[in-house]
Amino acid sequence: AIMFVRAVGGSFHWPAMQASTSLMVPKAQLTRVAGMNQTLNGSLNVFGAPLGALLMELLQVQGVMVIDVATAALAIAPLFFVRIPEPERSQARTPGAQPSFWTDLRAGARYLLNWRGLMIMTGMVMVLKIVLTPAFSLIPLLVKDHFGGGAAQLSLLEAVVGGGIVAGGLLLSSWGGFRLKVHTITLGGVGFGLAILSWGILRGDRFGVAVAGGALLGLAIPLVDGPLMAILQSTVAPEMQGRVFTLFGSLISLTSPIGLSLAGPLSDGLGLQVWYVMAGVIAVGISAAFTLIPAVRRIEQYASEQAPQVE
């Protein structure tokens, strides 16, 4: 039912749903389920835009909106018939205080700050997002200004990246990754770091090689996103997952404006490809650090010892 909701209704990355997933799926299978989610997300990215354009061509705007409402209803309907377990709420707040977004956010922040390995891992992911978000946003300019392409070349590159994400999700869901999930993250991170680095060093007449790099980039993304979510779901206390996931998502969202504000002036002053070289090198370095920093490498093995006690 969850897969149906994801496929029909769009992205379902709500903190509560992610927290409930860890109560329904055995820990050993969390990475495979995350791979399935990545496959569905990649499929939506590949087919969503063309399907939307086709509907806009065949129907009026009102008709498209009706389809949007209908698919949302189809996505919600299974939730009336399928029991979704919910984690118990802890009492990690001031006695007598009323539940609120801010009290839960503060509880999540205390939990994160008191767990060194999780805090370091969160910081590493934020750095990755700061350099990677502009790399994706600047793809149209890279295709147009450096490779001399147009709409067809841009569509081809984005379709190849989307297809790579689908393939990477299928690979992760069937393989399950390495026993230590951080090793899978390192493999994927080094893969997409090298792909982005190649975009920064390729000559303008090597667009075909850039497309191959796009395939590697797409293939590698699920190998990072899937195990990362599986680590959070398997190590964070179930009653704290909603709060930690909300805080984690907020911090990751904060990186987008930071990265774009840095990439704009740097790309204008030094050239577009400089950002891709820098982003690729940083991505490879940060990804390797997942297995080099003991507190992060051992986060799964020693979660019961490292994790803060939930009050």
If you look at every heavy atom in V224 and G188, which pair is closest and at what distance?
CG2-C, 3.5 Å
Not counting sequence neighbours, list each pair that qualifies as a salt bridge (Lys or Arg N to Asp or Glu O under 4.0 Å) and has a residue in residues 164-188.
K181-E300
Can you measure from CZ (R243) to CZ (R110) and round to the nearest 0.5 angstrom?
9.0 Å
From CA spacing to verdict: side-chain contact (heavy atoms from CB on, under 4.5 Å), V66, Q62:
CA-CA 6 Å; V66 169; Q62 297 91 327; 5.6 Å; no
Group every Ile, Leu, Val, Met, Phe, Trp and Tyr by side-chain heavy-atom contacts under 4.5 Å, then state whether L260 and I252 land in the same group.
no
In this structure, would L254 and L112 fall into the same cluster of hydrophobic residues linked by side-chain contacts under 4.5 Å?
yes
Is there a side-chain contact between L228 and M121 in this structure, where contact means two heavy atoms from C-beta onward sitting under 4.5 Å apart?
yes
Enter the distance from F192:CZ to I221:CD1 here, rounded to the nearest 0.5 Å.
7.0 Å
Tightest non-hydrogen contact, residues I130 and W275, listed as O-CZ2, 3.8 Å
Given side chains that start at C-beta, do those of T184 and L187 come closer than 4.5 Å, heavy atoms only?
no
Determine which pairs satisfy ring pair (Phe, Tyr, Trp, His ring centres under 6.0 Å) with at least one residue from residues 131-156, sequence neighbours left out, and list them in order.
F147-F207
Would you mind reporting whether I258 and L262 have side-chain heavy atoms less than 4.5 Å apart?
yes
For I185 against P227, the heavy-atom pair lying closest together:
CG1-CB, 3.7 Å
List the steps, then state whether side-chain contact (heavy atoms from CB on, under 4.5 Å) holds for S267 with V274.
CA-CA 7 Å; S267 299; V274 171; over 6 Å; no
Joint hydrophobic cluster, L219 plus V211, side-chain heavy atoms closer than 4.5 Å
no
If we only count heavy atoms from C-beta on, is the Y111 to V236 side-chain gap below 4.5 Å?
yes
Provide the closest heavy-atom pair for A195 versus G213 in the form atom of the first, atom of the second, distance.
CB-O, 3.3 Å
Of all heavy-atom pairs linking L113 and M119, the shortest is CD2-SD, 3.6 Å
I need the minimum non-hydrogen distance between T31 and L172, along with the two atoms involved.
CG2-CD1, 3.5 Å
Can you list every pair that meets ring pair (Phe, Tyr, Trp, His ring centres under 6.0 Å) and has a residue in residues 155-186, with sequence neighbours left out?
W175-F178
Which value, rounded to the nearest 0.5 Å, describes the distance between M278 atom CE and I196 atom CD1?
11.0 Å
For the pair Q273 (side chain) and L202 (backbone), establish whether a donor and an acceptor sit closer than 3.5 Å, ignoring hydrogens and angles.
yes
Using modelled atom types only, decide if a donor and an acceptor are shared between the side chain of T39 and the backbone of L170 within a distance under 3.5 Å.
yes
Could you give the side-chain donor-acceptor pairs of residues 281-297 under 3.5 Å, partners two or more places apart or in another chain?
{"from": "S287", "atom 1": "OG", "to": "A283", "atom 2": "O", "distance (Å)": "2.6"}
{"from": "T291", "atom 1": "OG1", "to": "A288", "atom 2": "O", "distance (Å)": "3.0"}
{"from": "R297", "atom 1": "NH1", "to": "T291", "atom 2": "O", "distance (Å)": "2.9"}

Inter-residue atom distance S253.OG - F248.CZ, 0.5 Å rounding:
10.5 Å
Write out all pairs satisfying salt bridge (Lys or Arg N to Asp or Glu O under 4.0 Å) with one or both partners inside residues 206-229, taking only residues at least two apart or from two chains.
none
Given the rule in the side-chain contact (heavy atoms from CB on, under 4.5 Å) test, do T255 and L132 qualify, once you have shown the distances and angles that lead to the verdict?
CA-CA 10 Å; T255 62; L132 293 180; over 6 Å; no
Residue pair L232 / L118, side-chain heavy-atom distance below 4.5 Å
yes
Can I201 and Y276 be said to form a side-chain contact (heavy atoms from CB on, under 4.5 Å), step by step?
CA-CA 8 Å; I201 62 178; Y276 283 93; over 6 Å; no
Sequence neighbours left out, what pairs pass salt bridge (Lys or Arg N to Asp or Glu O under 4.0 Å) with at least one residue falling in residues 140-169?
none
Report yes if the side chains of I120 and R116 come closer than 4.5 Å at any heavy-atom pair, otherwise no.
yes
What distance do T186 atom OG1 and L180 atom CG have between them, rounded to the nearest 0.5 Å?
10.0 Å
Hydrophobic cluster membership, L142 vs L194, 4.5 Å side-chain cutoff
no
Would you kindly confirm whether V131 and L223 end up in one hydrophobic cluster when ILVMFWY residues are joined by side chain heavy atoms under 4.5 Å apart?
no
Evaluate the side-chain proximity of W115 to V244: yes if any heavy-atom separation is below 4.5 Å, no if none is.
no
Side-chain heavy atoms of P222 within contact of I165, under 4.5 Å
yes
Rounded to the nearest 0.5 Å, the OG atom of S198 sits from the CG atom of L217 at a distance of 8.5 Å
